[in-house]
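Input: a single structure, listed below in structure tokens.
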Amino acid sequence: MPASTQESANSDPLNARIATVHEATRAISRQFPRSYILDCIKADRFPEEMWRAMGKQGLLGLSVPEEHGGSGGGVVEIVALGEALALGGVPTLFLVVTGLSRVPIIRHGTAQQIARFVTPTCDGSVKICFAITEPDAGTNSFNMSTFARPEGDGWILNGQKVFISGARDADYMLVIARTRKVSEVRHRTDGMSLFVVDMKSPGIRLDLLNIQVETAERQYQVFFDDVRLPADSLIGEADKGARLMFEGLNSERLLAASAAIGLADFVLKKAVSYALDRKPFGKPIGSYQALQHRLALAKAELEAARLMTYSAAERFDAGEDAGAHANMAKLLASRAAAAAMDAAIQTHGGYAFDRDYDIITLWPMIRLMEIAPINNEMLLNYIGEHVLGLPKSY
Ligand SMILES: Cc1cc2nc3c(=O)[nH]c(=O)nc-3n(C[C@H](O)[C@H](O)[C@H](O)COP(=O)(O)OP(=O)(O)OC[C@H]3O[C@@H](n4cnc5c(N)ncnc54)[C@H](O)[C@@H]3O)c2cc1C
């Protein structure tokens, strides 16, 4: 935890919540340092041992109520977990998609659906990924064409999704699909439904994408060809899935923000350590204001983004509308991370481009955060329209 928040951890309830999770995660980070995740990436395998250890320690159960087999706590706790993992240099996209996917199931699923799809994710024995993006619709998800038509008491799913993180490693995939054509609904947010799809179902095909982001989760194009979905794969009410999904997306934005602030701190620490050591003119390069101010500004921006992220998480946990704050948090955190990354690259000079220094290897992941899970332009659109009351721009 940054020194600023550590100091007040005992007196401030929010910081006490964060400190508890950070403390528990440090044991995981010691056992599974960045070199472990880099080995997993090289071997193209899911960090199963780390995931199971997180489950055993109750970390994967954070934000899941105890009556559903979780460890309790709220978005603050799972955001603190995301930050702590990234602080150790081990950001996991799978935590983001797991955290997001569980929200609508817990809130709108039946007791049986929660027991089957959520409870076993808490010890890591079952994994769930999330699929919304489509090749043609892109950011305009309401324009999706993946379609589930009713058949018997279930559904038949056809279509395709793209960029789906961890699809190979997941047991289930939370899929949002149209159940009514856009032409048949009054508003384009109507007519979409949420399904939990068993990844062993016949008719699912995965094509690995050639994505250069250093994470253990790979991205896939996923094809659904007449995939039969039983009735109990539908979460909540049919045709009302968009609203359910939006509830989860706020926590996804905050999990993305948590990874951004944790990684920003991780690269800044690396940059500071290098800046103290490197002395091409006899004095440490960290003594030159051109570099020092750049690093200091990145630190200040990172701390501001951090405050916004936890403020949004607290709002979410208090049941308040966290939309604007979550969007602002992800916007600020991803920009702060990009600034920290840029400062770290400048500090390392030519060595920034030597993969063995593990600086350039962090760049795609950090840069991605300005684009995914939602690009920053859409966040600015939201703030412009819903916070400032300006006309819709697209
Ligand atoms: C490594 C990785 C992991 C991912 N994991 C998942 C996952 O697990 N599940 C999943 O469903 N998706 C996932 N995604 C998809 C990701 O969420 C999308 O790539 C992202 O939402 C942007 O969609 P797009 O790439 O189609 O961009 P496009 O929609 O083509 O947009 C391109 C650019 O245009 C601009 N733009 C678009 N629309 C507007 C607008 N209205 N106003 C202003 N500017 C605009 C933005 O700058 C944007 O970056 C992942 C992507 C990557 C790269």
Side-chain angles (χ1 to χ4, degrees), residues 37 41 44 46 82 91-104 127-146 159-178 188 192 194-197 199 204 206-224 241-242 245-246 248-253 255-257 259-260 263 327 330-331 334-335 337-338 361-386 390-394:
I37 213 76
I41 294 167
D44 186 17
F46 187 81
T92 70
L93 293 181
F94 219 86
L95 184 70
V96 179
V97 292
T98 302
L100 148 71
S101 302
R102 294 191 303 206
V103 172
K127 301 189 195 78
I128 187 162
C129 65
F130 175 66
I132 182 169
T133 310
E134 295 194 5
D136 291 337
T139 305
N140 188 7
S141 297
F142 297 124
N143 214 22
M144 66 175 55
S145 52
T146 295
Q160 55 179 293
K161 300 285 179 184
V162 71
F163 291 125
I164 307 310
S165 297
R168 175 193 64 182
D169 308 297
D171 302 284
Y172 297 106
M173 176 184 285
L174 185 69
V175 176
I176 180 143
R178 281 224 156 265
R188 62 199 200 110
M192 295 162 89
L194 272 183
F195 297 96
V196 178
V197 177
M199 294 302 286
I204 299 181
L206 305 182
D207 277 3
L208 178 64
L209 298 174
N210 194 11
I211 302 286
Q212 169 116 32
V213 176
E214 313 280 326
T215 62
E217 306 85 356
R218 309 287 301 274
Q219 282 68 42
Y220 295 82
Q221 182 140 5
V222 182
F223 298 88
F224 306 109
M245 181 192 71
F246 280 127
L249 290 183
N250 282 336
S251 68
E252 183 193 42
R253 305 224 195 310
L255 278 164
L263 269 185
N327 283 327
K330 190 273 177 182
L331 173 76
S334 60
R335 284 168 61 97
T361 35
L362 288 155
W363 181 79
M365 175 73 175
I366 287 183
R367 186 63 181 81
L368 170 72
M369 285 164 178
E370 293 186 288
I371 293 171
I374 179 91
N375 59 69
N376 283 359
E377 287 81 0
M378 289 306 284
L379 303 178
L380 290 167
N381 288 339
Y382 182 97
I383 296 164
E385 197 184 330
H386 298 284
L390 293 166
K392 188 168 175 158
S393 62
Y394 56 98

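Whatever order the structure lists them in is the order used to number ligands and atoms, beginning at 1.
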Problem set entry | Minimum side-chain heavy-atom gap Thr98-Lys127 below 4.5 Å | no
Problem set entry | Flag side-chain contact, heavy atom, 4.5 Å: Met365 against Leu93 | yes
Exercise. So is Lys392 actually on top of Tyr394's ring, under 6.0 Å and inside 45° of the axis?
Worked result: yes
Exercise. For atom CZ of Arg335, is the number of surrounding heavy atoms from other residues, nucleotides or ligands below 6.0 Å larger than 12?
Worked result: no
For this session: Identify, chain by chain and in numerical order, each protein residue with a heavy atom under 4.0 Å from an atom of ligand 1.
Result: Val97, Phe130, Ala131, Ile132, Thr133, Gly138, Thr139, Phe163, Ile164, Ser165, Gln219, Leu368, Ile371, Ala372, Pro373, Asn375, Glu377, Met378, Asn381, Tyr394
Exercise. Can Phe46 and Phe94 be said to form a ring-ring contact (aromatic ring centres under 6.0 Å, His included), step by step?
Worked result: CA-CA 10 Å; Phe46 187 81; Phe94 219 86; 5.2 Å; yes
Exercise. Backbone N or O of Ser145 within a donor-acceptor pair of the Glu134 side chain at under 3.5 Å?
Worked result: yes
